[in-house]
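Every number for a ligand or one of its atoms is a count from 1 in the order of the listing. Along the sequence shown, residues carry numbers from 1.
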Amino acid sequence: MMFKKILIANRGEIACRVAATARRLGIRTVAVYSEVDAGAKHVALCDEAVAIGGQAAAESYLRWERIIEAACASGAQAIHPGYGFLSENEAFASACAQAGLVFVGPPATAIRAMGLKAESKRLMALANVPLVPGYHGDDQDPHLLLHEANRIGYPVLIKASAGGGGKGMRVVQRQEEFAQALASCQREAQSSFADAAVLIEKYVQRPRHIEIQVFGDSLGNFVYLFERDCSVQRRHQKVLEEAPAPGLSEELRQQIGLTALEAARAVGYVGAGTVEFIVEQPDEGGMRFYFMEMNTRLQVEHPVTEAITGLDLVEWQLRVAAGEPLPLKQDQLKRHGHAIEARICAENPDKQFLPATGTLRTYELPAISEFSPSALRVDSGVRQGDAISPFYDSMVAKLIVHADTREQALARLDAALAATRIVGLPTNVQFLRHVVQSQSFAQANLDTALITREATVLFEQERVGLNLAAAAVVAHTLLAEQSMQKNQAWNEPWAQRDGWRMFGQAHRHFDLEFHGQRQTALLHYGHDGALDLQVGSSTSALHFSARADGIALDFADHRLCVQVICQGELAHVFTPQGATQITLLDALSHAGEALVETGNLAAPMPGKLVTFHVRPGDTVRQGQVLAVMEAMKMEHTISAPADGEVAELLYAPGDQVPEGAMLLTLKT
Ligand code: ADP
Ligand code: ADP
Ligand code: MG
């Protein structure tokens with residue numbers, strides 16, 4: 001019998017993902033949330049929610065006694081653990097059973113068997129699953145470990161046996177580096193997993209990460225849902241994942257799939273699991289694959305498998321957990337097209353991928369096309385205004401594209417990333433675009449060193465030049481002023497920017513900062529309403545108009561749609577080529593300057609009043625020069641915004657005048 005109600009023991013995108021399937025299947029959902037997550041999206045999406053207190057994972061999502069209590073109290077029949085947190089916790093899986101709850105995952109025995117890398121390798125050796133040459137014994141004597149490393153031959157990889165998420169891993173190139181790398185791996189293993197045990201493996205040549213999605217049911221049936229390639233990694237963590245793995249012969253593909261089933265069978269696996277292989281691509285050609293580890297849970301990158309098979313893996317998990325047989329047999333499984341997933345993370349790729357926190361001030365993800373809804377999928381656990389806190393993972397969202405061919409999928413992913421606009425914290429969105437556009441990725445020249453190899457085109461990139469950034473921010477400012485004027489009920493005649501060009505031509509300065517350099521953009525107003533923008537030594541005609549999705553910009557012989565989102569003085573400029581930031585310095589004083597030009601009779605900047613050209617009682621014509629100021633070694637004239645009569649002079653020649661101070665009053 002399918003469950004009527006389940007508790008989702010997770011947060012973020014995966015909690016939302018599980019809730020979506022549950023809703024579709026008519027299963028009621030119970031969310032749990034920490035103190036920081038009271039207003040989170042996953043809480044809003046579920047039918048009920050239970051506060052479990054705390055902030056850090058250890059005080060909230062990892063407190064399984066409370067979570068089990070919440071499940072029992074709310075009448076849930078099963079707990080879905082998502083990934084991370086409690087998903088691979090054997091004690092939790094057992095405790096669920098003791099409380100009469102179904103754990104949506106494998107039996108505790110299978111979690112234990114695959115939990116420690118070293119132990120799982122011993123088991124796999126018995127099941128004739130190929131292993132990377134290495135040492136995975138209990139004896140952790142440093143001399144023995146060094147001896148083993150020498151025997152295996154360098155380079156070797158030291159791994160935390162209890163590890164996950166790439167933590168603790170150290171590549172050792174030479175014998176002399178071994179002792180230090182071992183000590184540092186042990187320290188990290190102890191602090192992250194409370195277990196300092198390590199194993200040593202040969203570091204394979206041109207390694208490629210290929211994993212198999214497997215499924216077992218409680219009746220002893222097994223299938224594999226093809227492979228995923230997750231070779232694009234940073235710090236041994238996945239960045240882009242795709243299915244199918246490019247360039248694999250059907251024979252090898254099937255061989256790896258069947259090997260994964262052997263691994264799953266050997267531990268009596270039930271539910272969704274992933275068997276990870278490291279694939280060696282020796283210089284002399286060919287490919288060899290070795291078992292790396294098994295993740296006994298749903299994987300972050302499961303959507304690419306869903307895209308190519310058209311299946312809902314969470315539904316499969318729930319059916320299997322409810323005791324149903326696997327919905328399909330191996331020969332009924334078909335794959336279609338190519339899918340790629342990109343993980344959008346709050347981090348700074350140019351600073352060694354340092355994770356970032358902050359508020360998602362603007363959070364616009366690409367729209368899903370109504371013509372082909374399966375072409376793009378967005379899995380996100382946050383909304384605009386939400387914060388990425390330091391307590392949990394830095395992953396913000398996942399974009400998943402699907403197309404007939406890899407080439408099309410790549411183009412789709414690039415377009416989806418271009419339409420992703422996040423302001424408020426640094427993300428890897430631009431970096432992901434650079435990876436997608438890199439030669440190695442485009443040509444499927446895949447291995448785990450891809451990011452290092454392509455570093456020169458991935459890091460510290462600027463695809464939007466000063467001229468375009470300046471044109472975008474100027475156009476944005478002018479449009480914002482126009483719309484402000486339209487909204488002003490009083491609509492004073494001098495508030496109209498375009499009415500002001502008495503001398504046939506006028507200028508307006510924009511002080512900018514781009515990549516730490518001060519820059520000036522000079523806007524020339526022509527007789528006929530035409531605008532020219534001068535940036536540095538080049539001048540081009542500037543045309544623009546507001547569009548629903550941004551600004552249609554025509555500048556320097558280019559037409560494109562840009563979007564500008566301002567955060568104080570900092571303007572985030574999004575263009576089809578990429579995104580950049582440019583600062584419009586002292587926007588306030590520029591606003592003042594604009595008002596002076598259009599008729600506000602205030603000082604555009606702090607300076608000295610040189611002279612008045614009028615006296616009280618004088619009638620003046622629009623545009624007539626009223627006063628001259630000197631500031632920053634330049635003279636600035638203040639002209640009449642409209643016909644009128646001078647009422648009062650508020651300063652005397654020689655006075656120091658603060659910025660924004662009214663110099664005189666005018667009756668119109
Ligand atoms: P996948 O193979 O699914 O990509 P990852 O290693 O990226 O798996 O981890 C998936 C999620 O689980 C991540 O959000 C990560 O933070 C979390 N995770 C994985 N292993 C651990 C661990 N040992 N301790 C804490 N979190 C982990
Ligand atoms: P984790 O549990 O942290 O995910 P894994 O054993 O799955 O650890 O390895 C993570 C990544 O490290 C792999 O995806 C791969 O890029 C790299 N890696 C692991 N083992 C090897 C190896 N023997 N040779 C080369 N690279 C490896
Ligand atoms: Mg792994």
Going by atom types only, do T21 and R17 share a side-chain donor-acceptor pair under 3.5 Å? yes

Name all residues meeting the side-chain hydrogen bond (donor to acceptor under 3.5 Å, both in side chains) criterion together with R412; count only those two or more places apart in sequence or in a different chain, and write none if there are none. none

Examine I278 against ligand 2 and note whether any of their N/O atoms are separated by less than 3.5 Å. no

Can you find an N or O of M292 that's nearer than 3.5 Å to an N or O of ligand 2? no

Between Y61 and Y392, ring centroids under 6.0 Å: yes

Does K238 have a heavy atom less than 4.0 Å from any atom of ligand 2? no

For ligand 2, which atoms, with element, lie under 4.0 Å from some heavy atom of G165? 1 (P), 3 (O)

Residue Q233 vicinity, atoms of ligand 2 by number, heavy atom under 4.0 Å: 11 (C), 13 (C), 14 (O), 15 (C), 16 (O)

Under 2.8 Å: N/O/S of E293 next to the Mg ion (ligand 3): yes

Tell me if the centroids of the rings in Y203 and Y154 come within less than 6.0 Å of each other. no

Say whether N445 and Q439, considering side chains only, have a donor N or O and an acceptor N or O under 3.5 Å apart. no

Taking the side chain as every heavy atom from C-beta outward, state whether H434 and N428 have any atom pair closer than 4.5 Å. no

Which option wins on minimum heavy-atom distance to atom 9 (O) of ligand 2: K117, E276, M169? M169

Are Q233 and E241 linked by a side-chain donor-acceptor pair shorter than 3.5 Å? no

In this structure, is the centre-to-centre distance between the rings of F215 and Y269 below 6.0 Å? no

Under 4.0 Å from any heavy atom of E293, which atoms of ligand 2 are there? 1 (P), 2 (O), 4 (O), 5 (P), 7 (O), 8 (O)

Numbered atoms of ligand 2 (with element) below 4.0 Å of L157, judged on heavy atoms: 18 (N), 19 (C), 20 (N), 21 (C), 22 (C), 27 (C)

Please give the atom name: the N, O or S atom of E276 nearest to the Mg ion (ligand 3). OE1

If you count the atoms of ligand 2 from 1 in the order shown, which ones are under 4.0 Å from a heavy atom of H209? 13 (C), 14 (O)

Please state which part of K202 comes within less than 4.0 Å of ligand 2, counting heavy atoms only: side chain, backbone, both or neither. backbone

Closer than 4.0 Å to some heavy atom of G166 - which atoms of ligand 2 meet that? 1 (P), 3 (O)

Determine, using ring centers only, whether F85 and F92 are less than 6.0 Å apart. no

